[in-house]
Participant: 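Questions regarding the structure given below will be posed in turn.
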There are 2 protein chains.
Amino acid sequence: MPENTSLRRGRPGYDQQGILDVAVAAFNEYGYDATSMGVLAERLGLSKSAIYHHFTSKDEMLDRALDSALSALEGVLEQADAAGGRAADRLDLVLRGAVHVLVDRLPSVTLLLRVRGNTDVERRALERRRAFDRRVTALVSEAQAEGSLRSDLDASVVSRLTFGMINSLVEWYRPGGGEDADRIADDVVAVALDGLRMPTSNRVEDLLG
Amino acid sequence: MPENTSLRRGRPGYDQQGILDVAVAAFNEYGYDATSMGVLAERLGLSKSAIYHHFTSKDEMLDRALDSALSALEGVLEQADAAGGRAADRLDLVLRGAVHVLVDRLPSVTLLLRVRGNTDVERRALERRRAFDRRVTALVSEAQAEGSLRSDLDASVVSRLTFGMINSLVEWYRPGGGEDADRIADDVVAVALDGLRMPTSNRVEDLLG
DNA sequence: GCCGACCAACCGACCGTTCGGGTGGGAGAC
DNA sequence: GTCTCCCACCCGAACGGTCGGTTGGTCGGC
């Protein structure tokens, strides 16, 4: 159970990250509010007070976890912007990148997506998330303006529906086996861009009039 | 605040539904666990104990609300099955019907989608929801088999992504103005079936080889 | 022997729920 | 029309239990 990353002084045991991993898993299982420090300590094999040696409050644990998820998501936008090129290509990078973040950091992103904004920590996280959403919506608008995406749908509705699809990963994706993150990303992009309809049949005739 | 549906005996005040509406709104705002009977009573302008005249427990309130949402969703499947016809057409009915249920019963469905399964009540609700998902997945499979939907994507992934899109409504849709539920349903079906890509340009050439 | 990791015992506040009693207005008797 | 009774509706106070957090001190590897 304890961590061992060498170069640790004093009595061996948990470090912050080790505790945080267990805590986030418990938060996701029971919900943040419903997870008491008592049962958390039990899961860790520690006493309650031992946890307060590593974190000053329950809120701080939540803060750290949410920051981890938000930083990763913001990093995806940063990378896409840096890549340059057509808005449609940058959007493609964002969608695939977001799927990878969801898969790689499933616990902390799951926690993020369930935040409702009752405390200061939650409200700050929610504001960062909204800023992320605004930047994605702007990217969709740009892609519509350059003619890469259909323009008969509202950009904010499109980005919300698309990320609704991606975010639903936290409800059903469970890690197992190899590099299926790429496969999921392909599926998401396929549905979002080309839709589910059988590409043959009357589709071509519809387009040709 | 109190209800008035006539033919009510005794001292006028809240009935079960009136309390439930306020309770579900509070549950969605703070989270079920984080909503204490004390603040709920405050919102109702009642004492805590008065609530127990209408409900035997906090759990029972949750149970009623979840049943309302689940019954509506199951009704959509029932209606689509009764309509008959091609699987693709029945799936279309299910998608549009689900959007309407989400919009019409936004509070109770929001509550449903946040249930994690910590109590018996929540576990029962979760099982009903999973049964719903299985029936939708079966419908997608049928539509793939009849050649209406592309078959290169897994049916369960498709239904999860599609309902991820629909369920995201509870995160951002807020009632206001007219009959926009139809408009949202159109948008959802448009994205799900035809995708976001600009239908002109190289799409036709791709299809024609 | 320093110091990081840990513990048992405890705190005030608040939780969901219960209890015994109070109150006001529609319905039926007059 | 008005009287009276019933009952849906409501209250304050208190219950045992659990919450997040604190205190003061112990343990043990480098």
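The shown structure was predicted, so the numbers you read here are calculated from the model rather than taken from an experiment.
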Participant: Taking the basic N atoms (NZ, or NE/NH1/NH2) and the acidic carboxylate oxygens, is any pair closer than 4.0 Å for A:Arg123 and A:Glu127?
Facilitator: no
Participant: In whole Å, what is the span from the OH atom of A:Tyr52 to the P atom of C:dC11?
Facilitator: 17 Å
Participant: Return the value, rounded to whole Å, for the distance between atom CD of A:Gln16 and atom C1' of C:dG4.
Facilitator: 13 Å
Participant: For residues 57-116 of chain A, which residue pairs pass the ring pair (Phe, Tyr, Trp, His ring centres under 6.0 Å) check, not counting sequence neighbours?
Facilitator: none
Participant: Just the rounded figure in Å: distance from P of C:dT18 to CZ of B:Phe55.
Facilitator: 15 Å
Participant: What pairs of residues pass the ring pair (Phe, Tyr, Trp, His ring centres under 6.0 Å) test when at least one of them lies in residues 56-89 of chain B, not counting sequence neighbours?
Facilitator: none
Participant: What pairs meet the ring pair (Phe, Tyr, Trp, His ring centres under 6.0 Å) rule with one or both residues in residues 107-130 of chain B, with sequence neighbours excluded?
Facilitator: none
Participant: For DNA chain C, which residues in residues 28-38 of chain B have a heavy atom at a distance below 4.0 Å?
Facilitator: B:Thr35, B:Ser36, B:Met37
Participant: Sequence neighbours left out, what pairs pass ring pair (Phe, Tyr, Trp, His ring centres under 6.0 Å) with at least one residue falling in residues 103-141 of chain A?
Facilitator: A:Phe132-A:Phe163
Participant: Identify every side-chain donor-acceptor pair in residues 45-52 of chain B under 3.5 Å, counting partners at least two apart or on other chains, and give the distances.
Facilitator:
{"residue": "B:Ser47", "atom": "OG", "partner": "B:Ser49", "partner atom": "OG", "Å": "3.3"}
{"residue": "B:Ser47", "atom": "OG", "partner": "B:Ala50", "partner atom": "N", "Å": "3.4"}

Participant: Expressed as a whole number of angstroms, how long is the span from A:Leu44:CG to C:dC6:C1'?
Facilitator: 12 Å
Participant: Quick one: B:Ile51 CD1 to C:dT18 P, roughly how many Å, whole number?
Facilitator: 13 Å
Participant: If you check every side-chain atom of A:Leu46, which of D:dC9, C:dA5, C:dC7 has the closest atom?
Facilitator: C:dC7
Participant: Can B:Arg96 and B:Asp186 be counted as an ion pair, charged N to O under 4.0 angstrom?
Facilitator: yes
Participant: Considering residues at least two apart in sequence or located in another chain, which fulfil the salt bridge (charged side-chain N to carboxylate O under 4.0 Å, His left out) criterion with B:Asp81?
Facilitator: B:Arg135
Participant: Hey, what are the protein-to-nucleotides 12-15 of chain D N/O distances that come in under 3.5 Å?
Facilitator:
{"residue": "D:dG12", "atom": "O6", "partner": "B:Ser49", "partner atom": "OG", "Å": "2.4"}

Participant: Checking B:Arg160 now: which residues fulfil side chain to side chain contact (heavy atoms under 4.5 Å, CB included) with it, not counting sequence neighbours?
Facilitator: A:Trp172, B:Ser156
Participant: Take atom NE2 of A:His53 and atom C1' of D:dG25, then tell me their distance rounded to the nearest Å.
Facilitator: 14 Å
Participant: If I take atom CZ in residue A:Phe27 and atom C1' in nucleotide D:dG20, what distance separates them, rounded to the nearest angstrom?
Facilitator: 12 Å
Participant: Tell me which residues in residues 58-66 of chain A put a heavy atom below 4.0 Å from DNA chain D, sorted by number, or none.
Facilitator: A:Lys58
Participant: Check side chain to side chain contact (heavy atoms under 4.5 Å, CB included) between B:Asn28 and all other residues, then give those that pass, not counting sequence neighbours.
Facilitator: B:Val24, B:Pro107, B:Thr110, B:Leu111, B:Arg114
Participant: Only counting residues at least two apart or in another chain, list the ones meeting salt bridge (charged side-chain N to carboxylate O under 4.0 Å, His left out) with A:Glu142.
Facilitator: A:Arg90
